[in-house]
Amino acid sequence: SLIRHDVPVQFSAQSVDEARAIEVPDSFSQVPLHERAFRRDLTSLRAVTIDDASTKDMDDALSLEQTQEGWELGIHITDVSAAILPETRLDKEARRRATSVYCADQTINMLPEQLSELKLSLRQELVRPCLSVMVSLNHGFEVLRTEILPSFIRVSQRLSYDDVDRQLEEGDATLLTLHDIAAACEERRIRSGALRVHKREAVPFKEPDGSIRLLEIDEDSPARILVSEMMVLANSVMAEFAATHRIPVLFRGQDRPDEPVSEQRQAQDAPEGPAKDFSARTKLKKSTVTFEPQHHSGLGLDAYIQATSPIRRYLDLCHQRQFISYLRDSKPWVSRDELA
């Protein structure tokens, strides 16, 4: 498929040179004064990243603090728009690629490794500019208010999904609270009609000797559900903000399936595991993309966008530019027609 679709594997020398020339502060002392005035300093928060152990392009982090009302949850997305300016060579390269491609034996990044895995990745103990979604919750994990703000964060700890699953079993208080918040968010979505479809994937990995190993990944593990729900929450908050302030973005929606998605209605000969889960997902309608908010039956939300993966999806980078521009100048980066 890489050959069929002419996917560029290498970056041009000019793009690599442009990536090397981009400067991203690693400490708060290196941050220019005008950026300090624009961005809130959240480097005192204990922010953690949760990804696969092999992941290098970490674009989101989580923080949690207890308050008198309950909890202050932070979902922090690395600000790629601060480094990749519109119509530069890197921007055009990213637009052509549209997304990172993850294969068994290689990752074809949307942006050069100097950016995707180093300068823009939320690496431990390094200061990074972010777009932060702050969610205030009461003790029952009900959302009281939300805020979207440009920020600086410093990741305190990098965790893998296996680390989080193990620490949840050991009773880590912060992670247990994050998991409880995620469970409460999922329960609210299900009450609003969200569809619960089990998802297990068979992912191929290339061993050092060249052989291929299939690893079954359960997307419903506690750690993966935790991260997934946090991203759904952040995307829905940004979608509601965009709808309220008439910021042009591309909303995602999904019609309800024609028949109930249940174990009884799946193909009888589908074996237990990824095949059976895929059989259930084939009953879902394709998602739609429009400039107006629309109901997403799979998620049980009235407004939803994708904006939490700007390192690996070009549309997320465009959405990030819309929000940063609005927060800085009270107007979006581009109009609806220009975004189209």
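Scope of the values below: all heavy atoms of this structure, side chains included, with no hydrogens, waters or symmetry mates.
Among residues two or more places apart in sequence or in another chain, the salt bridge (Lys or Arg N to Asp or Glu O under 4.0 Å) test is passed with Glu240 by none. Under the side-chain hydrogen bond (donor to acceptor under 3.5 Å, both in side chains) criterion, Arg158 pairs with no residue, sequence neighbours left out. Applying the salt bridge (Lys or Arg N to Asp or Glu O under 4.0 Å) rule to Arg213 yields the partners Glu207; only residues at least two apart in sequence or on another chain are considered. Remark: Lys206 pairs with no residue by the salt bridge (Lys or Arg N to Asp or Glu O under 4.0 Å) rule, at least two apart or across chains. Not a single side-chain hydrogen bond (donor to acceptor under 3.5 Å, both in side chains) links Ser228 to another residue, sequence neighbours left out.
Under a 4.5 Å side-chain heavy-atom criterion applied to ILVMFWY residues, the cluster that includes Leu315 comprises Leu250, Val289, Phe291, Trp333, Val334, Leu339 as well. Listed by chain and number, the hydrophobic cluster partners of Val101 are Leu2, Val7, Val9, Ile108, where partners are ILVMFWY side chains within reach of under 4.5 Å, directly or through others. The other members of the hydrophobic cluster of Ile311, by chain and number, are Ile22, Val24, Val80, Ile84, Leu90, Met110, Leu111, Leu115, Leu120, Tyr314, Leu317 (side-chain heavy atoms under 4.5 Å, ILVMFWY only). Side-chain heavy-atom separations under 4.5 angstrom define the hydrophobic clusters, and Ile3 shares its cluster with no other residue.
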Ignoring hydrogens and angles, write down the donor-acceptor pairs under 3.5 Å from the side chains of residues 148-155, residues two or more places apart or on other chains.
from	atom 1	to	atom 2	distance (Å)
Ser151	OG	Ser132	OG	2.6

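Applying the ring-ring contact (aromatic ring centres under 6.0 Å, His included) test to residues at least two apart or on different chains, none of the pairs has a partner in residues 104-123. Contacts classified as ring-ring contact (aromatic ring centres under 6.0 Å, His included) and involving residues 154-180 (residues at least two apart or in different chains) are not found.
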